[in-house]
Engineer: 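This is the structure, below, for whatever I ask next.
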Amino acid sequence: MMDNLRAASNHVVLKIILALIILSFVLTGVGNYLIGGSGDYAAKVNGQEITRAQFEQAFQNERARMQQQLGEQFSVLAGNEQYMQQLRQQVLNQLIDVTLIDQYAKKLGIAISDGQVRQSILKTPAFQTNNQFDNEKYLAMVRGSGYTPDGYAQVVRRQLQAQQLNQVYGGSEFVLPGETDSLAALVLQERDVRVAAFDTDALAAKQTATDEELKGYYDQHQNEFIAPQQLKVSYLEMDAAALQDKVTVTDADVAAYYDQHKSSFGQPERKKFAVIVLKSQADAEAVLAELKKGEDFAALAKTKSTDTFTGKRGGELDWMEPETTLDDFKNANLTEKGQISGVIKSSSGYLILRLNDLEPAKLKPLDEVRNDVLAKLKQEKALDAYYTLQQKVSEAATNDNESLASAEEVSGIKAVHTDWFTQQTLPQALNSKPVVDALFDGSLLGEGGSPGSNSNVITTDGDRAFVVRVDAHKPQGVKPFAEVRDAVVAQVKHQKAQAQAQAEAQKVLAELKQGKGDEALKAAGLSFGTTQKVLRSQQPSAFEQSIYALPHPQAGKPNYGVTQDEKGNVVIVALDAVNPGKLPADEVANFSGQIKEGATNITFDALIAGLRQSAKIKMGSAAQVQ
């Protein structure tokens with residue numbers, strides 16, 4: 001799926017439409033509507049709370065999703081304090097937007113049912129194999145994108161909700177002829193820049209931090225050091241497929257099954273009929289008389305039959321087996337090839353039949369199908385053993401609720417004991433919704449981190465079942481200072497290095513604007529690199545946004561600015577040229593037809609901006625995103 005998305009994102013028209021949406025967010029802003037406040041919640045939106053738990057869970061989910069997608073690259077980003085603050089702000093903004101849209105949708109009476117979400121997922125082409133929904137492909141793609149099935153379902157619900165709102169507001173957009181070229185020139189624009197970067201890591205290595213500074217930073221940024229709920233569990237896994245190797249199937253079992261299911265191992269007798277359909281008995285008697293005189297059956301069917309479909313084929317029908325043969329045909333008792341029936345009265349008229357062909361029943365010998373029978377019997381016996389095993393384990397786990405020892409004894413299965421894990425770092429074997437729900441709904445937890453109780457038998461897809469037990473748990477909470485001291489030292493030093501680099505960059509920037517750039521750069525130990533071209537991306541970074549915020553250079557003189565690069569280093573940029581974009585000729589017609597869709601998206605974004613402006617949004621102390 002991700003490859004498909006990447007391929008689609010390279011399409012120039014799609015880039016333009018996405019860029020239009022991005023521009024609308026840049027214009028409306030994302031943080032200027034927040035009002036300061038307090039309270040143990042992340043935010044209140046028109047009186048509706050976004051709890052600290054919801055915010056932290058959403059942040060941890062987004063962090064885990066990005067870590068899965070970016071791998072080691074995310075570790076570099078996670079060490080950048082400003083980036084992580086921006087990520088927290090982004091998550092909170094999304095929660096606020098979702099809440100605003102939910103409130104507005106309810107006001108309009110728009111509701112998305114679970115059935116609509118399910119149908120949308122089932123009809124998604126990326127989740128299909130041979131035009132049929134493929135559950136394994138769906139789960140692999142969703143998890144590969146960093147989502148749980150529940151999380152992805154929520155994404156789909158929001159998309160469907162947004163589509164309905166878009167339909168409400170998207171019916172009146174129009175595009176003037178000249179807008180195509182001007183919009184293409186804007187969103188496909190390239191900017192030529194050179195960059196001189198301060199090495200923040202090198203500056204950080206030279207910084208010092210007092211205990212007071214470290215403790216102060218820790219106290220002010222405790223939400224950066226939240227440890228999610230952690231569990232250690234024991235579990236028994238029962239797998240029907242694994243039991244197939246343990247069941248015994250005798251030759252007598254195979255023979256008995258074969259005798260009872262012979263129809264499954266061959267082809268029953270087949271007959272091919274031809275038919276002439278007449279309106280009245282008199283007509284049928286007349287045609288039957290002609291047939292007895294030797295007239296050709298097919299020729300009469302073509303000229304006399306009132307059923308034009310079979311008549312065109314000379315009355316010929318497809319092969320029929322006993323289960324698909326109509327009673328009228330069976331009652332004709334035609335047993336020899338070429339035999340013709342008498343007149344048969346039926347619900348569709350008066351029939352005359354001829355047996356065109358006959359194939360006797362065919363039965364595959366047992367030796368030929370032995371392996372198929374053996375596999376079928378093993379599967380059936382394994383399922384029987386699986387359900388019996390579930391019953392035994394359920395009774396043992398219920399009667400001995402202090403451990404899984406009794407369940408191990410009756411099942412012969414050794415319990416697996418996990419190390420600590422969170423809801424985002426589940427062992428693969430336990431990563432299914434029924435098991436996750438049982439583990440994290442609190443019903444299996446003991447007091448104060450002590451062991452809890454055994455679960456009931458939990459069935460999952462693929463004929464698997466589990467009994468789980470929480471051996472120990474740690475509630476969500478702030479990590480102690482001693483545990484995160486090294487991370488705090490790194491953050492404080494990095495913060496100081498950023499401040500130093502920012503101050504020096506501003507000094508150099510002032511000198512550059514006064515025409516004393518060479519001396520200022522040399523004094524700071526900097527130099528501009530080679531020219532690089534900057535394009536608008538679908539999700540513009542702070543670096544890209546700052547480049548596109550610079551005024552156009554005049555009279556061949558660059559414009560200068562200060563920003564940060566993707567690594568978090570403070571950089572001085574020189575904007576040398578702005579090159580308008582041009583839409584390829586073969587994309588013009590397509591783009592003109594799709595600008596309206598982009599305009600509708602902008603209208604929808606403007607709706608969100610309007611909801612923000614009119615809403616009462618109060619920030620709680622739990623948010624800590626400023």
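Along the sequence shown, the residues carry numbers beginning at 1. If you're wondering where the values come from, they're calculated on a predicted model, not measured in any experiment.
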Engineer: Quick one: which of Phe225, Tyr217, Tyr218 gives a ring-ring contact (aromatic ring centres under 6.0 Å, His included) with His221?
Structural biologist: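 Result: among Phe225, Tyr217, Tyr218, Tyr217 is the only option passing the ring-ring contact (aromatic ring centres under 6.0 Å, His included) with His221.
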Engineer: May I ask you to test the Leu611-Asp97 pair for a side-chain heavy-atom distance under 4.5 Å?
Structural biologist: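 No; the side chains remain at least 4.5 Å from each other.
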Engineer: Testing the basics here: between Leu444 and Ala438, what is the closest heavy-atom pair and its distance to 0.1 Å?
Structural biologist: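 The pair with the smallest heavy-atom distance is CD1-O, 3.5 Å.
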Engineer: So which atom in Gln54 and which in Leu95 form the shortest heavy-atom distance, rounded to 0.1 Å?
Structural biologist: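 Answer, listing the atom of Gln54 first, then Leu95: O-CD1, 4.3 Å.
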Engineer: Around Asn46, counting heavy atoms of other residues, nucleotides and ligands shown, do more than 12 lie under 6.0 Å from its CG?
Structural biologist: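 Enclosed.
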Engineer: Looking at every heavy atom in both Ile121 and Phe127, which two are closest together, and how far apart are they?
Structural biologist: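 Closest heavy-atom pair between Ile121 and Phe127: O-CD1, 3.5 Å.
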Engineer: Is there side-chain contact between Arg88 and Asn223, with at least one heavy-atom pair below 4.5 Å?
Structural biologist: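 A side-chain contact exists here, since the closest heavy-atom pair is under 4.5 Å.
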Engineer: Is a side-chain donor or acceptor of Ser455 paired with a backbone partner of Val468 at a separation under 3.5 angstrom?
Structural biologist: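 Yes, the answer is positive, given that a donor and an acceptor are paired below the 3.5 Å cut-off.
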Engineer: Nearest 0.5 Å, what's the CD-CD distance between Gln90 and Gln85?
Structural biologist: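 It is 14.0 Å, given to the nearest 0.5 Å.
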Engineer: Determine whether Phe265 and His261 satisfy the following criterion, ring pair (Phe, Tyr, Trp, His ring centres under 6.0 Å), listing intermediate values before the conclusion.
Structural biologist: CA-CA 7 Å; Phe265 303 109; His261 299 85; 7.3 Å; no
Engineer: With a cut-off of 6.0 Å (strictly less than), are more than 12 heavy atoms of other residues, nucleotides or ligands near CZ of Arg370?
Structural biologist: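 Yes, enclosed.
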Engineer: Side chains of Arg464 and Glu237, heavy atoms from C-beta outward: is any pair under 4.5 Å?
Structural biologist: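 The answer is yes; the side chains approach within 4.5 Å.
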Engineer: Please answer whether the main-chain N or O of Ala407 pairs with a side-chain N or O of Ser411 as donor and acceptor at a distance below 3.5 Å.
Structural biologist: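 Yes, Ser411 side chain to Ala407 backbone: donor-acceptor pair under 3.5 Å.
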Engineer: Name the orientation class of the two ring planes belonging to Phe133 and Tyr138 (parallel below 30°, tilted from 30 to 60°, perpendicular beyond 60°).
Structural biologist: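 Ring orientation, 0 to 90° scale: tilted.
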Engineer: Does a sphere of radius 6.0 Å around CD in Glu380 hold more than 12 heavy atoms from other residues, nucleotides or ligands, not counting ones at 6.0 Å or beyond?
Structural biologist: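 Atom CD in Glu380 is packed in, count exceeds 12.
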Engineer: Quickly, which of Thr250, Thr248, Asp253 forms a side chain to side chain contact (heavy atoms under 4.5 Å, CB included) with Leu377? Name it, please.
Structural biologist: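 Passing option: Asp253.
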Engineer: To the nearest 0.5 Å, what is the distance between CD (Gln230) and OG1 (Thr425)?
Structural biologist: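 Here the interatomic distance stands at 7.5 Å.
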Engineer: What distance separates Arg157 CZ from Ser120 OG, expressed to the nearest 0.5 Å?
Structural biologist: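 So the gap between those two atoms works out to 11.0 Å.
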Engineer: Under the 3.5 angstrom rule, does the side chain of Glu56 hit a backbone N or O of Thr51 as a donor-acceptor pair?
Structural biologist: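 The answer is no, because no donor-acceptor pair under 3.5 Å joins these two groups.
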Engineer: Let me confirm one number: the CG-CZ distance from Leu445 to Phe440, rounded to the nearest 0.5 Å.
Structural biologist: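 Taking CG in Leu445 and CZ in Phe440, the distance rounds to 9.0 Å.
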Engineer: Without swapping roles, check the side chain of Thr418 against the backbone of Val233 for a donor-acceptor pair under 3.5 Å.
Structural biologist: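 Indeed, once roles are kept as given, a pair shorter than 3.5 Å links the two residues.
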Engineer: Report yes or no: does Asp565 contribute a side-chain atom to a donor-acceptor pair with the main-chain N or O of Lys567 at less than 3.5 Å?
Structural biologist: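 Yes, Asp565 side chain to Lys567 backbone: donor-acceptor pair under 3.5 Å.
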Engineer: Any donor-acceptor pair under 3.5 Å linking the side chain of Asp400 with the backbone of Ala396?
Structural biologist: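 Side chain of Asp400 to backbone of Ala396, a donor-acceptor pair under 3.5 Å: no, none is there.
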Engineer: Flag the pair Asp219 and Lys215 as a salt bridge only when some basic side-chain nitrogen lies within less than 4.0 angstrom of an acidic carboxylate oxygen.
Structural biologist: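 The answer is yes: the pair qualifies as a salt bridge.
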Engineer: If every non-hydrogen atom of Ser432 is compared with every non-hydrogen atom of Thr460, which pair is closest and at what distance?
Structural biologist: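 Heavy atoms only, the tightest pair is OG-CG2, 3.2 Å.
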Engineer: Flag yes if more than 12 heavy atoms outside Lys137 fall under 6.0 Å of its NZ atom; otherwise flag no.
Structural biologist: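 Yes.
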Engineer: Report yes if the side chains of Ile458 and Val467 come closer than 4.5 Å at any heavy-atom pair, otherwise no.
Structural biologist: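 No - every pair of side-chain heavy atoms lies 4.5 Å or more apart.
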Engineer: Can you find a side-chain donor-acceptor pair between Tyr387 and Gln391 that sits under 3.5 Å?
Structural biologist: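 There is no such pair between these side chains.
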Engineer: Would you say NZ of Lys381 has more than 12 non-hydrogen atoms from neighbouring residues, nucleotides or ligands within 6.0 angstrom?
Structural biologist: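 Counting other residues, nucleotides and ligands, NZ of Lys381 exceeds 12 neighbours.
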Engineer: Report the C-alpha distance between Lys618 and Glu49 in whole Å, list the side-chain angles of each, state the deciding distance to 0.1 Å, and finish with yes or no for salt bridge (charged side-chain N to carboxylate O under 4.0 Å, His left out).
Structural biologist: CA-CA 9 Å; Lys618 185 177 181 181; Glu49 282 192 5; over 6 Å; no
Engineer: Do the side chains of Tyr235 and Leu439 get nearer than 4.5 Å, heavy atoms only?
Structural biologist: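 The answer is no; the side chains never approach within 4.5 Å.
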Engineer: If you define the side chain from C-beta out and look only at heavy atoms, does anything of Gln244 sit under 4.5 Å from Tyr386?
Structural biologist: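 No - every pair of side-chain heavy atoms lies 4.5 Å or more apart.
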Engineer: Hey, what do you get for CZ (Phe466) to CG (Asn456), rounding to the nearest 0.5 Å?
Structural biologist: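 Phe466 CZ to Asn456 CG: 15.0 Å, rounded to 0.5 Å.
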Engineer: Between the side chains of Gln48 and Gln103, is a donor N or O closer than 3.5 angstrom to an acceptor N or O?
Structural biologist: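 Distance-only check passes for Gln48 and Gln103.
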Engineer: For the backbone of Ala240 and the side chain of Asp463, can you confirm whether one donor and one acceptor N or O come within less than 3.5 Å of each other?
Structural biologist: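 Side chain of Asp463 to backbone of Ala240: no pair is present.
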Engineer: Regarding Glu224 and Lys479, does a basic nitrogen lie under 4.0 Å from an acidic carboxylate oxygen?
Structural biologist: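 No, no charged N to carboxylate O under 4.0 Å.
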Engineer: Met619 and Tyr41: which non-hydrogen atoms are nearest, and at how many Å?
Structural biologist: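 Of all heavy-atom pairs spanning Met619 and Tyr41, the closest is C-CE1, 4.2 Å.
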Engineer: OG1/Thr124 to CG/Asp134 distance, rounded to the nearest 0.5 angstrom?
Structural biologist: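 Going from OG1 on Thr124 over to CG on Asp134, the span is 13.0 Å.
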Engineer: Which atoms form the tightest heavy-atom contact between Phe55 and Ala42, and what is the distance?
Structural biologist: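 Heavy atoms only, the tightest pair is CB-CB, 3.5 Å.
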Engineer: Can Lys433 and Asp437 be said to form a salt bridge (charged side-chain N to carboxylate O under 4.0 Å, His left out), step by step?
Structural biologist: CA-CA 6 Å; Lys433 187 178 185 302; Asp437 289 346; 2.8 Å; yes
Engineer: Does some side-chain heavy atom of Leu214 sit less than 4.5 Å from a side-chain heavy atom of Arg485?
Structural biologist: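 Answer yes - side chains close enough.
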Engineer: When you compare the side chain of Glu408 with that of Ile413, does any pair of heavy atoms fall below 4.5 Å?
Structural biologist: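 The answer is no; the side chains never approach within 4.5 Å.
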Engineer: Just by distance, do the side chain of Thr422 and the backbone of Gln424 share a donor-acceptor pair under 3.5 Å?
Structural biologist: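 Looks like yes, one N/O pair under 3.5 Å.
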Engineer: Is there a donor-acceptor contact under 3.5 Å from the side chain of Arg469 to the main chain of Asn401?
Structural biologist: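 Yes: the side chain of Arg469 pairs with the backbone of Asn401.
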Engineer: Can a donor-acceptor pair be found, under 3.5 Å and without considering hydrogens, that links the side chain of His473 to the backbone of Gly446?
Structural biologist: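 Pair found, side chain donor or acceptor close to backbone of Gly446.
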